[in-house]
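Inspection log for the structure reproduced underneath, given as structure tokens.
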Amino acid sequence: MSETLTENPVRTDNLATVATPVPPATEERKGLTKKEIAADHPTWCPGCGDFSVLALYFKLIEKRKMWHEKITTIAGIGCSSRFPYFVQAHGAHYIHGRALPFASGISLSRPDLHVFVFGGDGDAFSIGGNHFTHTARKNIKLTYVVMDNWVYGLTKKQTSPTSPLGFKSKTDQWGAVDYPINPMKQAIAAGATFVARTTSTNPNHVLAMMEAAMDHDGFGFVECLSECVEFYEGAFDAANPRKGGAFIEVPKNHDVSDELEAYKLAGADFPGYFGIFYKNNKPTKNAKEAEINKAMMEKVKGLKDWQILQKNFDRMK
Ligand SMILES: Cc1ncc(C[n+]2csc(CCOP(=O)(O)OP(=O)(O)O)c2C)c(N)n1
Ligand code: SF4
Ligand SMILES: [Mg+2]
């Protein structure tokens, strides 16, 4: 081992710290403008609901004065998952269904960042179904926005886990026969500590839900109805007052800490309720790991990297 390596101090800066909120911009450093955060022109079909979610993410970045190096946008694969391409900051368009484990690694190793994950219903609940469950139960601090359009958009109209019964697609030409999953019930049952529902046609509400999820210290899940105008036109008209539908907010007297009541709200017939269904402040994996790391670093205080490694090898003998 080279001298430089052996002399390197053990990094404790990112191990012993619990997650910290995104720092506010200082006087000297102004927050970013939309122009500074917007990257490529989004390649979505005109009228796609995903445009609205992206615009509100820009608004969130502007409003919360997040800087380029603090923005972390992760996604899987799908139309919705193209999201990070359109944000001029750090991010990754990762593997189909695997955005959450990738994002978890970032969240656990970089407590100074707030990680946002965007994706679709197929990405989240088909191929990524297991990762959803485990990221939720581990209560990893990140915000997961699922842009639910009830269809596989990118691959041109296959039945998704949220497609309703009878939906005609390339994989169900005679209409879907499989019972759809309910993302809200799924999230609550999996142990997500923040569960909210919104719709891309109500911009103020989308922004409010994303902000609340970001402020939550834990796994924040937001289901955002986002119409695929190409392959499932009109899917969410019943939730849009401009199309004769109803946007009904979670009742004011709803106790967000009551899991059973949240589950009942989630069971309402479509268009159901919009708002925060459930919130629980139990400790995150981030905080627990940080504590373990701190205790371990205390034990090896003063030792060089190679000495710590040697100790590990000795233990394994
Ligand atoms: C391992 C793997 N399997 C399948 C695919 C094909 N594929 C790409 S996107 C997609 C589904 C996308 O649906 P959704 O997550 O709902 O996103 P949307 O396009 O509707 O936003 C599938 C099956 C893939 N890219 N990788
Ligand atoms: S196919 Fe659907 S989900 Fe994909 S960009 Fe077009 S409208 Fe949006
Ligand atoms: Mg979809």
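Numbering of ligands and ligand atoms starts at 1, following listing order. Reckoned from all heavy atoms, side chains included, excluding hydrogens, waters and symmetry mates.
Listed by atom number, the atoms of ligand 1 under 4.0 Å from G153 heavy atoms are 18 (P), 19 (O), 20 (O). The ligand atoms of ligand 2 that sit less than 4.0 angstrom from a heavy atom of F231 are 1 (S). Ligand-side atoms of ligand 2 in range of N149: 3 (S), range being under 4.0 angstrom from any heavy atom. Atoms of ligand 1 found under 4.0 Å from any heavy atom of L154 (numbered from 1 in listed order, with element): 9 (S), 19 (O). Shown in contact with V229 at under 4.0 Å from a heavy atom are these atoms of ligand 2, numbered in order with element: 7 (S). Close contacts between ligand 1 and G122 involve ligand atoms 14 (P), 15 (O), 16 (O) [criterion: under 4.0 Å to a heavy atom].
Residues Y57 and T73 bring a donor and an acceptor atom of their side chains to less than 3.5 Å of each other. Side-chain atoms of Y152 and S126 include a donor-acceptor pair closer than 3.5 Å. No hydrogens or angles considered: a donor-acceptor pair under 3.5 Å links the side chains of H114 and T143. N240 and T199 are not linked by any side-chain donor-acceptor pair at a separation below 3.5 angstrom, with hydrogens and angles left out of the test. In the model, T198 has a side-chain atom that pairs as donor or acceptor with a side-chain atom of H205 under 3.5 Å. For the residue pair Q310 and D314, a side-chain donor N or O sits within less than 3.5 Å of a side-chain acceptor on the partner. Residues T284 and N139 have side chains that never bring a donor and an acceptor to within less than 3.5 angstrom of each other. Side-chain atoms of S226 and D50 include a donor-acceptor pair closer than 3.5 Å. Looking only at atom types and distance, the side chain of T162 has a donor-acceptor partner in the side chain of D121 under 3.5 Å away.
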> Going through the distances and angles, do I248 and F274 end up as a side chain to side chain contact (heavy atoms under 4.5 Å, CB included)?
Replying inline: CA-CA 6 Å; I248 304 163; F274 295 94; 5.6 Å; no
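Checking only distances, A124 never comes within under 3.5 Å of ligand 1, N or O to N or O. Polar contact with ligand 1: present for D123 (N/O pair, distance under 3.5 Å). Inclusion of C79 in the set of residues having an N or O under 3.5 Å from an N or O of ligand 1 is warranted. The distance criterion of under 3.5 Å between nitrogen or oxygen atoms is not met by T155 with respect to ligand 1.
Nearest to atom 2 (Fe) of ligand 2 among the protein's heavy atoms is C228 SG, 2.3 Å. In terms of protein heavy-atom proximity, atom 4 (Fe) of ligand 2 is closest to C79 SG, 2.3 Å. Protein heavy atom in closest approach to atom 25 (N) of ligand 1: I77 CG2, 3.8 Å. Regarding atom 10 (C) of ligand 1, its nearest protein heavy-atom neighbour is H96 NE2, 3.3 Å. Nearest protein heavy-atom neighbour of atom 5 (S) of ligand 2: C45 N, 3.3 Å. In this structure, the protein non-hydrogen atom closest to atom 8 (Fe) of ligand 2 is C48 SG, 2.4 Å.
Look at K157 and E230 and you find no salt bridge, because none of the NZ, NE, NH1 or NH2 atoms lies under 4.0 Å from a carboxylate O. In summary, E291 and K294 do not engage in a salt bridge, as defined by a charged side-chain N under 4.0 Å from a carboxylate O.
The Mg ion (ligand 3) has V151 among its coordinating residues (N/O/S atom, backbone or side chain, under 2.8 Å). For a distance bound of 2.8 Å, the N, O or S atoms of N149 include one lying that close to the Mg ion (ligand 3). Residue D121: an N/O/S atom is found under 2.8 Å from the Mg ion (ligand 3).
With a 4.0 Å cut-off on non-hydrogen atoms, L154 does not touch ligand 2 at all. Under 4.0 angstrom from ligand 1, there are no non-hydrogen atoms of D50. At a heavy-atom distance under 4.0 Å, only backbone atoms of V151 (N, CA, C or O) approach ligand 1. Neither the backbone nor the side chain of Y232 comes within contact range of ligand 2; no heavy atom lies under 4.0 Å.
Distances from atom 12 (C) of ligand 1 to the heavy atoms of G78, S160, S81 put G78 nearest. Residue nearest to atom 1 (C) of ligand 1, selected from I127, V146, N149, T162: I127 (by heavy-atom distance). With S80, G49, C48 as candidates, the residue nearest to atom 17 (O) of ligand 1 on a non-hydrogen basis is S80.
A donor-acceptor pair under 3.5 Å is absent between the side-chain atoms of R82 and the main chain of P42, judged by distance alone.
Side-chain atoms of L142 and F116, non-hydrogen and from C-beta on, never get closer than 4.5 Å to each other.
The aromatic rings of H41 and F51 lie tilted to each other, with the angle between the two planes from 30° to 60°.
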